[in-house]
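Below is one structure, written out as structure tokens; comments come after it.
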Amino acid sequence: MRYDLVIFDNDGVLVDSEPISNRLLAGYLTELGHPTSYEESLRDYMGAAMHRVHDLVEERTGQRLPEDFDDVFHARVFAAFERELKPVGGTVDVLERLAADGVPYCVASSGSHERIRVGHRTTGLDRWFDEGRVFSSQDVGRGKPAPDLFLYAAERMGVVPERCVVVEDSPLGVRAAVAAGMDVYGFTAMTPAERLVGATQLFGEMRELPDLLA
């Protein structure tokens, strides 16, 4: 095994949540008077913590989003997750193989702990991720593209950054991993390869990952 720790992003890598959440985010922002298409939401917010949504809207319009924006948005997302969310194809096979080979792994997500847990319970991935393997941007001061979250996850898992590999599908996440001094494998299932600039390796199907890591 080339690495001592595999750090997974969550949304779009473990759970197929990006289409759901970005559809709802675009709709809610439009509803509030900030017209946003699904494609624009993916471009601007995919892989980001919620503070980026607030910051970009205020920067572009001079207006602040409502105080209850996050609560309303997450309620809509969680309800949709219960109806629609599935694991990314091949994810369970990858986790089974890592566990069988004794390879340490964890998840480090821009999403809140609640969002991660709801997604994992809904898809059955919770059996693979106990509390000690789950890290959120809530745990650090700055979300991606800052390296803080990945560095925090590595520290908590007891592995130096240069022995870690991050699995990411967003430009912000790739930038964060590079800034952390980690290799990063860019997952191109939803994101065009040319947007994942700086990735150590690119791959398009989750079933490819174990052999790439070997």
Side-chain angles (χ1 to χ4, degrees), residues 1-21 46-47 81 84-111 113 115-137 139 144 147 149-174 176-178 180-193 196 198-214:
M1 179 69 186
R2 295 167 58 186
Y3 303 99
D4 295 335
L5 177 65
V6 181
I7 304 176
F8 290 97
D9 176 42
N10 189 56
D11 295 293
V13 171
L14 295 176
V15 295
D16 195 16
S17 53
E18 293 290 8
I20 299 170
S21 58
M46 182 173 167
F81 278 4
E84 306 173 42
L85 190 63
K86 293 179 172 57
V88 168
T91 294
V92 171
D93 292 338
V94 170
L95 294 172
E96 285 179 344
R97 185 159 165 184
L98 292 177
D101 292 344
V103 177
Y105 64 88
C106 65
V107 59
S109 172
S110 293
H113 278 282
R115 178 183 173 123
I116 297 167
R117 283 300 177 202
V118 168
H120 285 189
R121 283 198 304 270
T122 302
T123 58
L125 294 183
D126 53 339
R127 65 182 291 242
W128 300 103
F129 292 94
D130 56 41
E131 289 296 333
R133 296 179 191 264
V134 178
F135 306 102
S136 161
S137 61
D139 300 325
K144 306 169 191 178
L149 175 57
F150 291 141
L151 292 173
Y152 176 75
E155 180 183 10
R156 289 290 302 274
M157 296 294 291
V159 179
V160 294
E162 56 267 28
R163 294 297 302 161
C164 298
V165 61
V166 176
V167 183
E168 262 288 354
D169 70 331
S170 76
L172 293 175
V174 169
V178 170
M182 301 176 181
D183 281 358
V184 54
Y185 285 20
F187 185 42
T188 61
M190 275 196 63
T191 308
L196 300 179
T200 312
Q201 177 85 36
L202 298 171
F203 69 106
E205 295 187 31
M206 194 56 66
R207 62 181 176 80
E208 302 173 52
L209 184 60
D211 289 337
L212 295 175
L213 297 174

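For the atom pair Leu125 CG and Lys86 NZ, the distance stands at 13.0 Å (nearest 0.5 Å). The distance from atom CD of Gln201 to atom CD of Glu208, rounded to the nearest 0.5 Å, is 9.0 Å. Taking CG of Leu98 as the start and CG of Asp93 as the end, the distance is 11.0 Å to the nearest 0.5 Å.
Using cut-offs of 30° and 60° for the angle between ring planes, the His120 and Phe129 rings count as tilted.
Side chain of Thr188 to backbone of Phe203: a donor-acceptor contact under 3.5 angstrom is found. Not one N or O on the side chain of Tyr152 forms a donor-acceptor pair closer than 3.5 Å with the backbone of Ala108. Remark: the backbone N or O of Tyr185 is not paired with any side-chain donor or acceptor of Thr200 at under 3.5 angstrom. Counting only distance, with no hydrogens or angles, the side chain of Arg121 and the backbone of Asp126 share no donor-acceptor pair below 3.5 Å. A side-chain donor-acceptor contact under 3.5 Å links Arg163 to the backbone of Arg2.
Between Arg115 and Ser21, the side chains place a donor N or O and an acceptor N or O closer than 3.5 Å (distance only, hydrogens not considered). No side-chain donor from either of Asp169 and Thr191 sits under 3.5 Å from a side-chain acceptor of the other.
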Does the pair Phe8 and Leu95 meet the rule for a side-chain contact (heavy atoms from CB on, under 4.5 Å), with working shown?
CA-CA 10 Å; Phe8 290 97; Leu95 294 172; 4.0 Å; yes
Verdict with supporting geometry, Phe81 and Val15, side-chain contact (heavy atoms from CB on, under 4.5 Å)
CA-CA 10 Å; Phe81 278 4; Val15 295; 5.9 Å; no
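For Glu155, the CD atom counts as loosely surrounded, since its 6.0 Å shell holds 12 or fewer non-hydrogen atoms of other residues, nucleotides or ligands. Residue-environment remark: CZ (Arg156) stays at or below the threshold of 12 foreign heavy atoms within 6.0 Å.
Minimum interatomic distance between Ala189 and Gly204 (heavy atoms only, all atoms of both residues): CB-O, 4.0 Å. Of all non-hydrogen atoms in Ala153 and Cys106, the two that sit nearest each other are CB-SG, 4.2 Å. Shortest non-hydrogen contact noted between Asp9 and Asp11 is OD2-O, 3.1 Å. Gly132 approaches Met157 most closely through the heavy-atom pair O-SD, 3.6 Å. Between Met46 and Met190, the shortest heavy-atom distance links the atoms CE-CB, 4.5 Å. Shown here for Ala154 and Met182, the closest heavy-atom pair between the two residues is CB-CE, 3.8 Å.
Residues satisfying the salt bridge (charged side-chain N to carboxylate O under 4.0 Å, His left out) criterion with Arg117, sequence neighbours excluded, are Glu131. Shown here are the side-chain contact (heavy atoms from CB on, under 4.5 Å) partners of Ser137, two or more places apart in sequence or in another chain: Ala49.
Two residues are said to be in side-chain contact when any heavy atoms from C-beta on lie closer than 4.5 Å; His113 and Val134 meet this criterion. Using a 4.5 Å heavy-atom threshold, the side chains of Arg97 and Val103 count as separate. Within the 4.5 Å cutoff, side-chain heavy atoms of Leu151 are placed close to those of Pro161. Looking only at side-chain heavy atoms (C-beta outward), Cys164 and Asp183 stay at 4.5 Å or farther from each other. A heavy-atom distance below 4.5 Å is not found between the side chains of Val174 and Lys144. Taking 4.5 Å as the limit, every side-chain heavy atom of Trp128 sits out of range of all side-chain heavy atoms of Thr91.
With Val166 as the partner, the side-chain contact (heavy atoms from CB on, under 4.5 Å) test is satisfied by one option alone out of Val6, Leu5, Val184: Val184.
Taking the six-membered ring for Trp and the full ring otherwise, Phe135 and Phe150 have centroids separated by 6.0 Å or more.
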